[in-house]
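Reading through the structure tokens given below for one structure.
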Amino acid sequence: MVMAGFKSDFLHTLAERGFIQQTSDDEALDRLLQKESVTGYIGFDPTAASLHAGSLIQIMLLYWFQRTGHRPISLMGGGTGMIGDPSFKDDARQLMTPQRIAENIASLKRVFSSYLTYGEAPGDALMLDNAEWLSGIEYIPFLRDVGRHFSVNRMLSFDSVRLRLDREQSLSFLEFNYMILQAYDFVELSRRHDCRLQMGGSDQWGNIVNGIDLGHRMGTPQLFALTSPLLTTASGAKMGKSADGAVWLNSELLSAYDFWQYWRNTEDADVSRFLKLYTPLPIDEIERLSTLGGSEINEVKKVLATEVTALLHGRHAAEEAAETARKTFEEGAFASTLPTIEVPSSELEAGVGMLALYVRAGLAASNGEMRRHVKGGAVRINDDAVSDDQRVIGADDVSSDGVVKLSLGKKKHVLVRPV
RNA sequence: GGAGGGGUGUCCGAGUGGUUAAAGGAGGCGGACUGUAAAUCCGCUGGCUAAGCCUACGUUGGUUCGAAUCCAACCCCCUCCA
């Protein structure tokens, strides 16, 4: 990588922060980005109701793209989502219903406005959906206009599908078409919005390059690719997974507090890298923070957590999460802003089994799991260890603060509030 | 369409009639140690109204006192042939 060589703000910033895996043409792209405001896009398939932390790097690419004077497009895969990207997947994805896709897209969209400014002014971001042009495609004309430009021989040679074939896993014709449609997206965006750059994770390289090739053959201006590295934590885990599965970006699926906690628990070895990738803090500030070691690094982790959370959920929510954590972990005190569930007072008067209550609070998936946790000494109610899984929680467990504090392990706490 | 191989728990992967809720590994969770980290060590890891019961080894039937294991049909995948 010729980091030192980048002159455009965008590529310079990206290189400095560790975003770049590869580009299709470093020099030409750099020149273009210096010369004019460029339009670029990243596609997001609606495979779930929310993006998770693993997609955050892609969103940050768009964020920096806009901040350095260019026009980002967030493209929802309403059309491609009907197929499912087979790249580097071992099995075919479950087909999603159109209704599900529509719901997911609606939900996905909510997050983007935290990072990008949408609108009509020059440089304002665009939110598009490829169903707009894909769903109306006619098969025969499409094959003649677009299909003829693809060589099956070549498509089979891409790692993204070759690995699948090498593993002797079936790749359906349906899925095989995914890369054609993604390539076509790029051409369509070039024509409709003068889009010149497609970005994405390194697993998208093949798909993106296909789009560039198709553009050549269909007469678009020169298109460009830029991919980001596939990120893992220093100890090798995939980004975005944690205790209860994915680290969702949508607040309905993961509270700002839990999101903050995820970043607070970053491994030491990742802190500096994550500050560069996931926060907008200036590089020299990050470098200063990175000199802190030992237990001082905990302060840096708080900065990381707060900055990442502030960008997504707003400064206020981020600071509230930080304060909740401070009270809970540093003072060992009680923070009324901890995650809370409400239970009718009448139910508490009658007494509720603790197993069921923990399950309701989302701290365990089943009573059986809770029984094991009790046996393992992981359970505390109002900070008192519990060893009896028959324990009933009643009105007299409600503390002077008006709640019951359920804890599982050292990190998970939920308040039960009678209503 | 023909021949052969295969479908096991979150994932990978053993198991070919009975102490099999199914070895082992990974992942996850909890505990200890720390710094709400990593590494390491220990424990847990299908559900329930729980010394019992239910669900589970592609699907549906069958053989048997008893099946993930045997039989039949079907579905899906792989390889070769057409």
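To find a chain, count down the sequence lines: A is the first, B the second, and so on, and within it residues start at 1. In this text the structure is predicted, and so the values were computed from the model without any measurement.
On a pure distance criterion of 3.5 Å, no polar donor-acceptor pair joins the side chain of A:Asn367 and the base of B:rG47. The base of B:rU36 sits within donor-acceptor range of the side chain of A:Gln261, with an N or O pair under 3.5 Å. For A:Lys327 against B:rU36, a side-chain-to-base donor-acceptor contact under 3.5 Å is absent.
Here B:rU36 presents its P atom at 18 Å from CG of A:Leu408, a figure rounded to the nearest Å. Computed from coordinates, the A:Lys411 NZ to B:rG35 P distance equals 14 Å when rounded to whole Å. Look at CG on A:Asp258: it is 13 Å from C1' on B:rU36, rounded to the nearest Å. When the P atom of B:rG28 is taken as reference, atom OH of A:Tyr262 falls 11 Å away, rounded to whole Å. Between the CD atom of A:Glu369 and the C1' atom of B:rG47 there is a distance of 12 Å, given to the nearest Å. Between A:His373 atom NE2 and B:rG43 atom P the separation is 16 Å, expressed in whole Å.
In this structure, A:Arg372 reaches the B:rG47 phosphate: one of its side-chain N or O atoms is under 4.0 Å from OP1 or OP2. Phosphate contact (OP1/OP2 of B:rG35, side-chain N/O of A:Lys302, threshold under 4.0 Å): absent. Residue A:Ser366 has a polar side-chain atom (N or O) positioned under 4.0 Å from OP1 or OP2 of B:rG47.
Listed candidates were B:rU34, B:rA38, B:rG35. Nearest to the side chain of A:Glu267 is B:rA38.
B:rA73 and B:rG66 have their C1' atoms separated by 24 Å, with the value rounded to a whole Å.
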| said: Just to be sure I follow the notation: if a pair is Watson-Crick (purine N1 to pyrimidine N3 plus N6-O4 or O6-N4) or a G-U wobble (N1-O2 and O6-N3), each under 3.5 Å, what dot-bracket string does RNA chain B give, with | for pairs to another strand? | reply: ((((((((.[[[..)..(.....]]]((((((.......))))))(((...)))...[[[[[..)....]]]]]))))))).

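Using a 4.0 Å heavy-atom criterion, one finds that A:Thr328 contacts no nucleic acid atom at all. Note on A:Lys375: nothing from the nucleic acid sits closer than 4.0 angstrom, heavy atoms only.
Where A:Glu330 and A:Arg380 each meet RNA chain B at their nearest nucleotide, the meeting point lying more 5' is that of A:Arg380. In terms of position on RNA chain B, the residue among A:Ala325 and A:Ala365 whose nearest nucleotide sits closer to the 5' end is A:Ala325.
Residues from residues 349-357 of chain A with heavy atoms under 4.0 angstrom of RNA chain B: there are none.
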